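Notes follow the structure.
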Amino acid sequence: MENNKRSSFTGKLGFVLAAAGSAVGLGNIWRFPYLAAKYGGGIFLLVYLILAVTFGFALMTAEIALGRKTKLSAIGAFKALNNKFAFLGYLAALVPIIILPYYSVIGGWVTKYLVTFISGNGLNAASNGFFDAFISSTGEPIGWFLLYLGLTALVVLFGVEKGIEKVSKIMMPILIALSLFIAVYSIFMPGAIDGVLYYITPDFRKFSITTVLAAMGQLFYSMSLAMGIMITYGSYMKKKVNLESSVGQIEIFDTGIAFIAGLMVVPAAYAFSGGDPAELGKGPGLMFDVLPKIFDNMYGGQIIGTLFFILVLFAALTSSISLMETVVSIFCDKLKMGRKTACLAVFILSVALGLPSALGYGVLDGIKIIGFPFLDFFDFISNSIIMPIVAFLTCIFIGYIIKPKAIIDEVELSSKFRRKKLFVIVIKYIAPICIVAILISSVLDAFEIMKI
């Protein structure tokens, strides 16, 4: 694909909403609230905010600048700047290829729950064993997975401007409005105020290195870092668009939605469980098991539940669209495919890789990889192993191979780089050390799981 024929966003608003849509996904709506609840509420929130404006800012700026500088997707971008680091582009490209299939399986679960609430059967979703019975079946998880993946492919098929940008401009405002509405409703539930205080009040007695590592891991997952997405979106960004302020606005969108998601989930779950840590730290069960019970016990719960799962579906779609677009862009750049052919190829590949995850809690339940079911293994290997390695090597590449000046010059094409010193310090010194800590922690956690 020639650079001068490459698609682009129409302007700053389109870029920011699309990139924010990529960042705002299941990581914000499901993962952030459950981690906040599990790791001390307010103290986790404070640590995450500090990391977002330092660590997250530096890595996102670097990746978007790499894409805009080269006008290429991840594989081509690293190779164009230093041929010896072409392998890093392939490693980064591997992440969305792994994540898209299992993410679409979870997206299928969300679609199933939305249809259940829309059809007036929210009471069924609140019953004990509904979630387990659904994911352990055979036909339904596959059917919903294929439907969700098909919706994602349809948007990507229409391209950057007519597909991704147009959908993001519609979905993101609706997503924000729904989030605020449900958060306000949740806060005013009987008994929810204690949950609000738990969520927003830092308790420094609960601070630990585990809290920091959990917040950093969430940052990767939430902000679409180290998976080639921001490099790809950066390659569609016009040179005149202010890069630094765009990154700041994406951070505000992403962190803001994560914070609001916490207000939607934590106070309601806190009120429903009486602050029981076992209920608050249920992970995926918090969204698919606990929340339907909460909706069933609240006035207008059928409507609120429907709105909530519309919100979650929108959030999931904006992220899966960016994951698929990244892989499609790589296929177009490296294999010289047209967009339609690339979309079809990525769809087929994702179906093949996603089927084990769709069946991993049913007919394939007896098969484990290093102690993980298929979906959990793909999540672990991509988010906890490959992404930290990609992020670490990206920091080394920018900090010591092409030097920070290459990124600074790109940022300053459109504006003054106000946080230039912070960027250099984080990329060269702070981020590499923190990323190694995440990687070591993840590997140790895996060993513990293998022992069980």
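Since this is a predicted model, take the numbers as computed values, not measurements.
- Side chains of S73 and T232: no donor on one and acceptor on the other come within 3.5 Å.
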Sequence neighbours left out, cut at 3.5 Å: what donor-acceptor pairs do the side chains of residues 81-91 make with other protein atoms?
| from | atom 1 | to | atom 2 | distance (Å) |
| --- | --- | --- | --- | --- |
| N82 | OD1 | K84 | N | 3.0 |

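- Between Y48 and F44, the ring-plane angle classifies as parallel under the 30° and 60° cut-offs.
- Within the model, atoms OG of S322 and OH of Y233 stand 4.5 Å from one another, a figure rounded to the nearest 0.5 Å.
- The CZ atom of F308 lies 11.0 Å from the CG atom of L178; values are rounded to the nearest 0.5 Å.
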Acceptor/donor pairs from residues 392-406 side chains to any protein atom, 3.5 angstrom cut, sequence neighbours excluded:
| from | atom 1 | to | atom 2 | distance (Å) |
| --- | --- | --- | --- | --- |
| T394 | OG1 | V390 | O | 2.7 |
| Y400 | OH | K428 | O | 2.7 |
| K403 | NZ | Y400 | O | 3.4 |
| K405 | NZ | D409 | OD1 | 3.4 |
| K405 | NZ | D409 | OD2 | 2.8 |

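- The main-chain N or O of Y236 is never found under 3.5 Å from a side-chain atom of R68 such that the two would form a donor-acceptor pair.
- In the model, T326 has no side-chain atom that pairs as donor or acceptor with a side-chain atom of S329 under 3.5 Å.
- With respect to R339 and E325, a salt bridge is recorded, a charged nitrogen being found less than 4.0 Å from a carboxylate O.
- Classified by interplanar angle (parallel below 30°, tilted 30° to 60°, perpendicular above 60°), the ring pair F378/Y102 is parallel.
- In this structure, K206 and Y39 have side chains that are not in contact, with every pair of non-hydrogen atoms separated by 4.5 Å or more.
- Contacts of Y113 classified as ring pair (Phe, Tyr, Trp, His ring centres under 6.0 Å), with partners at least two apart in sequence or in another chain: F130, F288, F309.
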Which side-chain N or O atoms in residues 257-266 pair as donor and acceptor under 3.5 Å with protein atoms at least two apart or in another chain?
none

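- Remark: I231 CD1 to T70 OG1 distance equals 7.5 Å, nearest 0.5 Å.
- Atom CG of N242 sits about 7.5 Å away from atom CE of M237, to the nearest 0.5 Å.
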Side-chain atoms of residues 360-372: list all donor-acceptor pairs with protein atoms under 3.5 Å, sequence neighbours left out, distances to 0.1 Å.
| from | atom 1 | to | atom 2 | distance (Å) |
| --- | --- | --- | --- | --- |
| Y361 | OH | D376 | OD1 | 2.4 |
| K368 | NZ | D365 | O | 2.4 |

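- Atoms CD1 and CG, from I321 and L154 in turn, are 9.5 Å apart once rounded to the nearest 0.5 Å.
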Using the side-chain contact (heavy atoms from CB on, under 4.5 Å) rule, take F220 and N383 through it: C-alpha gap first, then chi angles, then the decisive distance, then the call. CA-CA 8 Å; F220 281 111; N383 285 282; 5.8 Å; no
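- A ring-centre distance under 6.0 Å is not found for Y103 and F145.
- Shown here are the salt bridge (charged side-chain N to carboxylate O under 4.0 Å, His left out) partners of K334, two or more places apart in sequence or in another chain: there are none.
- Note that CE of M324 is 5.0 Å distant from OG of S350, once rounded to the nearest 0.5 Å.
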